[in-house]
Amino acid sequence: MYYIGIDLGTSAVKLLLMDSDGKICNVVSKEYPLYFPHPGWSEQKPEDWYEQSMIGLKELTEGFDKSKIAGISFGGQMHGLVILDKDDNVIRPAILWNDGRTTEECDYLNNVIGKDKLSEYTANISFTGFTAPKVLWVKNKEPENFAKIEKMMLPKDYLAYKLTGVHCTDVSDASGMLLFDVKNRTWSKEMCDICSVKPEWMAKIYESYEKVGTLLPAVAAELGFPETTIVAAGAGDNAAAAVGTGTVGDGRCNISLGTSGTIFISSKNFGVDSNNALHSFAHADGSYHLMGCMLSAASCNKWWMDEIIGTKDYGAEQKDIIALGENHVFFLPYLMGERSPLNDPFARGTFTGLTMDSTRADMTQAVLEGVAFALRDSFEVAKSLGIKIERTKICGGGAKSPLWKKMIANILNVKVDVIESEEGPAMGGAMLAAVAAGEYESVEAIAEKFVKVIDTVEPEAELVEKYEARYQQFKQIYPALKPVFEIIK
């Protein structure tokens, strides 16, 4: 049988076809526009997601026996607000996870309602990227649109709704809305009341590996798939990537170097750090996880290469970088503000330490190191909770760079395991579909069988020492510049 994973990303939808034994049979990617109507805003049209996903599904399965397609599931960009009217039409473009317009609403939630109450109700505090402050923004700034709302959903759940007609979500993605009681895996009545969200707007909640329905007859006919094709709830992109990398069970770690960057730590037990610097979410395996999320990771390198240097040959730009741990140039990777652990939408990207002898290679190195240093900021919070992490898996576009993996191993002083398949959320989605279809009994069982480590990047004592000194310097830059960011916002 075949299983399809749909990774609904920020720049493209990636679709993966997998057989019952975990063999990847085909991968297709389809891009769609990203809109920035005002500085700090970030939007997409949900209709584009569905249109490109349908085109991609047809291309993905061309030449394969479509009668053997047994299940579909998702990994999706988190936190985005999709609102539908009474006729199921999209009311306005989706406000995305990396949108920074909701500073006033976040201030209201964190400082008027209070962080302690938010943490009590949801296990998290408000960040500009989360969904609840977006709801308040629509209520405050677009009351005519707010009045039309009949259904509210997350990006991947819009695809599930279009495919099945079922208004659904999963526990991992719902955890990032600030409307969900993570500990008890249910909607928070208190937060819904605070945000004027009606219960009937909200989706039915499923575990990530649960079946939510089957394809609508018209959709099945258009795709040539069986009407019995199961659709599973799926997961937020980071939880789905964690499934795809085998970061399930207790005490496992994964670093994702995608558009955003994350450190993801799976746990059998629910837990929250005292400052809510890390997100505490439900996991796709039925348990919980802690996550530190930076808004710009591999996208920093893409920006630097594409927009500033003007090259697509990323590898060539990295080949002259040899003096690791000795760079005098630092880069703050806060091109879209920052979430974990700073929670500062006004933070900005900067180069610091430039001199007349600074080179293009120094600046490229600083971009890569700056992302790794910022990941370590979240890693330090996890260590403060007594969590001991000696190794991590890695995925995402940035994970294809041997140099970047070496930097991360030495800046975090952990072993970095490279897995055979780096397909991330799409692979995780396909695996969740296979569990939902009964092919495997649990997420842990399928991960144990499918995920294979093929290489490990070991930290080197001398480099670890050098990077420790550099990290201590890096840590001083943001606090020194924070007052400046507040002036120039």
Side-chain angles (χ1 to χ4, degrees), residues 7 9-14 27-36 39-40 42 44 52 77 96 98 237 255-262 294-338 347-375 394-411 416 418 422-426 455 457 463 467 470 474 477:
D7 173 16
T10 314
S11 57
V13 60
K14 179 179 179 180
V27 177
V28 167
S29 184
K30 295 293 177 185
E31 295 184 352
Y32 31 69
L34 181 62
Y35 301 97
F36 303 102
S42 181
Q44 280 176 330
Q52 294 305 312
Q77 51 167 295
L96 302 190
N98 56 353
D237 51 6
I255 290 173
S256 176
L257 282 178
T259 302
S260 62
T262 60
M294 56 185 296
L295 293 179
S296 303
S299 54
C300 289
N301 192 46
K302 179 176 172 61
W303 162 80
W304 175 245
M305 294 293 164
D306 296 1
E307 303 299 329
I308 308 304
I309 293 178
T311 180
K312 291 288 186 181
D313 194 348
Y314 294 11
E317 293 297 325
Q318 295 179 16
K319 66 179 175 57
D320 294 330
I321 298 173
I322 53 175
L324 298 188
E326 299 175 11
N327 194 11
H328 61 273
V329 181
F330 291 91
F331 175 72
L332 295 187
Y334 311 136
L335 298 180
M336 294 290 294
E338 190 54 299
R348 290 293 178 262
T350 67
F351 283 102
T352 306
L354 293 170
T355 60
M356 285 295 289
D357 62 348
S358 296
T359 66
R360 172 164 156 165
D362 291 338
M363 296 178 76
T364 300
Q365 180 175 346
V367 170
L368 302 178
E369 289 173 339
V371 171
F373 286 141
L375 285 169
I394 193 165
C395 69
K400 293 177 172 60
S401 165
L403 177 65
W404 218 346
K405 286 183 285 196
K406 184 173 183 177
M407 288 176 175
I408 288 170
N410 287 284
I411 288 172
V416 176
V418 180
E422 294 185 13
E423 300 297 343
D455 187 28
V457 182
L463 268 183
Y467 269 128
R470 292 296 179 190
F474 173 86
I477 300 171

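Hydrogens, waters and symmetry mates play no part in the numbers below; they use all other heavy atoms, side chains included. This is a predicted model, so every value here is computed, not measured.
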* Asked: Between His328 and Asp357, is any pair of side-chain heavy atoms under 4.5 Å apart?
  -> yes
* Structure fact -> Distance col, row Phe331:CZ vs Thr364:OG1, nearest 0.5 angstrom, shows 11.0 Å
* Could you check if a side-chain atom of Leu324 sits within less than 4.5 angstrom of a side-chain atom of Leu403, using non-hydrogen atoms only? => yes
* Search all heavy atoms of Ile394 against all heavy atoms of Ala399 and return the closest pair with its distance. => CG1-CB, 3.9 Å
* Given Lys312 and Met305, is the side chain to side chain contact (heavy atoms under 4.5 Å, CB included) satisfied, shown in steps? -> CA-CA 7 Å; Lys312 291 288 186 181; Met305 294 293 164; over 6 Å; no
* Please report the C-alpha distance between Cys300 and Leu335 in whole Å, then the side-chain angles of each, then the deciding distance to 0.1 Å, and finally whether the side chain to side chain contact (heavy atoms under 4.5 Å, CB included) criterion is met. => CA-CA 7 Å; Cys300 289; Leu335 298 180; 4.0 Å; yes
* To do: Could you walk me through whether Leu96 and Leu34 pass the side chain to side chain contact (heavy atoms under 4.5 Å, CB included) test, one step at a time?
  => CA-CA 10 Å; Leu96 302 190; Leu34 181 62; 3.3 Å; yes
* Exercise: identify the closest heavy-atom pair between Met294 and Ala374 -> CE-CB, 3.6 Å
* Does a side-chain heavy-atom distance below 4.5 Å link Asn327 with Tyr467? -> no
* Could you pull out the closest heavy-atom pair between Glu317 and Ile309, with the gap in Å? => OE1-CD1, 4.0 Å
* Heavy atoms only: give me the nearest Phe330-Arg470 pair and the separation to one decimal. => CE2-O, 3.5 Å
* **Interatomic distance, Leu332 atom CG to Ser296 atom OG [nearest 0.5 angstrom]** => 12.0 Å
* Got a sec: does the NZ of Lys406 have more than 12 other heavy atoms crowding it under 6.0 Å? -> no
* Asked: For the residue pair Ala426 and Asp7, what are the closest heavy atoms and their distance?
  -> N-CB, 3.6 Å
* Structure fact -> Nearest heavy-atom contact between Trp404 and Ala298 is CH2-CA, 3.7 Å
